[in-house]
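Letters A, B, ... are given to chains in the order of the sequence lines, protein chains preceding strands, and every chain is numbered from 1.
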Amino acid sequence: MERFKLNYWKEVYDMYLPGDEVDVKTVKIDRIAVRREKGKTYATVVGVVENQSFIPLEIAYRPKVNDSIVGFVVGRKSVGYFVETGTAYTMIALARELQTELRIGDMIFAKIARIEEDGTVILSNIRKLRRGKILEIPSSKVPRVIGKEASMINLIKKKTNTVIYVGANGYVYIGSQGSVSKAIEALNMIVRRSHLSGLTDTITEFLEG
Amino acid sequence: MKKEGIELIKDGKRIDGRDFEDIRKPFRIKLGVLKNANGSAYVEWGKNKIVAGVFGPKEVLPRHLENPHKAIIKCQYSMSTFSSLEEHGRAGPNRRSIELSKVIREALENIVLLEHYPRTMIEVFITVLQAEGGTRVASFTAAVAALIDAGIPMRTIAGGIAVGKVDGQMVVDLGKEEDNYGEADVPMVFTKEGDILLLQMDGMLTKEEVEFALTKGYEKVKNVILPELRRAVEEKYAGEIVKKLEL
């Protein structure tokens, strides 16, 4: 079958739809982006293949151990705080992990310590974030927002003088200092153009211009 | 069902001037039409205009519906009150839309990989803005496109079409008059591989005619519906830039 070509990153790749056979060894973001059946590998979401690695262009978020999470407190119980992260699962920040008390509405940055059998997600390494706002982006774009060895996010932080934390769940915290609106625009630009080539150049140009 | 004075086939052409195996034009799909949904699609199929939106995976409400092993799908098909010339009564679910929501949900459950998102719910909302017959298959196609847009893992892609019998002649993709006054109507949904996900029949057909309907239906899904779905997905990501480069 003749495929539409997709100009992804710096080269041109074929695009795969759910059910298309792909020849890959590894999977980026989440392994459920492909499934194996009778020795063959099939895509389950839209994606491209680069260096025998399947890169999903869009995939619904699933919590995984060691993921960084940005969220805000929506309630408390004796055991800890309930954190809203825009996902289907309840996330709990344990009170004994915290030095300070949290209040409802506080924003936090944390790591997923473990996932309980009933689907409850337990957070650790909790850091309270100061005044700022949360921007929502698709979780599949998070690796592009961070960039290779955090190059993209560091570029935005440096040029706009802001504090930014990116959660794997797709929440991005931006502190109130610095040129916040410019940082938000840059982030939205990455989301819109994440699959197109020359992204870093475009963002650099935007931030300097 | 037959209505006097309506000639559905005239001089070898159908009432809207199509050949027996032609699909209504225009037929196009567009992805990402709703801003707040996780995934959405718009399908225009003849005079049918359908919007589908997918939300989730999200927390299951009411809680007792939660399944610890897999996600559940909630599907709501609804026809807007202004969608056709006939009286549709009050807005909201009615007997027909509850049936359609059920058959579309059950067809979707067979291709969505629900086991990856246990204890969650995926909501699919389908709204028919304008109806001209064959909305259940068009709605299903819109729902599949919206699920792809939402990044929900799926086993394969699927599309639907209706084949029926009008004035003793087997025809593909029935329009409104053919649906209402024809002899039989068989809506069906096929996966890319040819598995049947949905098959209903209204009216009477012989065994040979059913076989013909299934063969023709799959042929059309494979050669017209799914390529358009593929094009729509590619259009969303590749867009203008690739066209400019002529890759």
Checking [X] against chain B: side chain, backbone, both or neither under 4.5 Å from a heavy atom?
X         : value
Glu136(A) : neither
Tyr61(A)  : backbone
Ala33(A)  : neither

Problem set entry | Any Thr44(A) side-chain heavy atom under 4.5 Å of His116(B) side chain | no
Exercise. Is the closest side-chain heavy-atom distance between Asp20(A) and Arg230(B) below 4.5 Å?
Worked result: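 Contact flag for Asp20(A)/Arg230(B) side chains = yes.
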If you count heavy atoms of other groups shown closer than 6.0 angstrom to [atom1] of [X], is the number above 12?
X         : atom1 : value
Lys64(A)  : NZ    : yes
Lys182(A) : NZ    : yes
Glu37(A)  : CD    : yes
Glu149(A) : CD    : no

Exercise. Residues of residues 58-69 of chain B under 4.5 Å from chain A (heavy atom pairs)?
Worked result: Lys58(B), Glu59(B)
Seminar exercise, completed: With chain B, the option among Thr90(A), Asp118(A), Val34(A) that has the most non-hydrogen atom pairs under 4.5 Å is Asp118(A)
Problem set entry | Heavy-atom proximity to chain A below 4.5 Å, by part of Ile157(B) | both
Nearest non-hydrogen partners of [X] and [Y], listed with the distance:
X         : Y         : answer
Glu234(B) : Met15(A)  : CA-CE, 3.7 Å
Arg155(B) : Arg35(A)  : O-NH2, 3.3 Å
Ile32(A)  : Pro153(B) : CD1-CG, 3.8 Å
Met154(B) : Pro18(A)  : O-CB, 3.7 Å
Ala88(A)  : Pro57(B)  : CB-O, 3.5 Å
Val233(B) : Leu17(A)  : CG1-CD1, 3.8 Å

Problem set entry | Residue among Leu229(B), Thr120(B), Thr191(B), Asn38(B) with most heavy-atom pairs under 4.5 Å to chain A | Thr120(B)
Exercise. Does the distance from a Lys or Arg side-chain N to an Asp or Glu carboxylate O, for Lys236(B) and Glu58(A), drop under 4.0 Å?
Worked result: yes
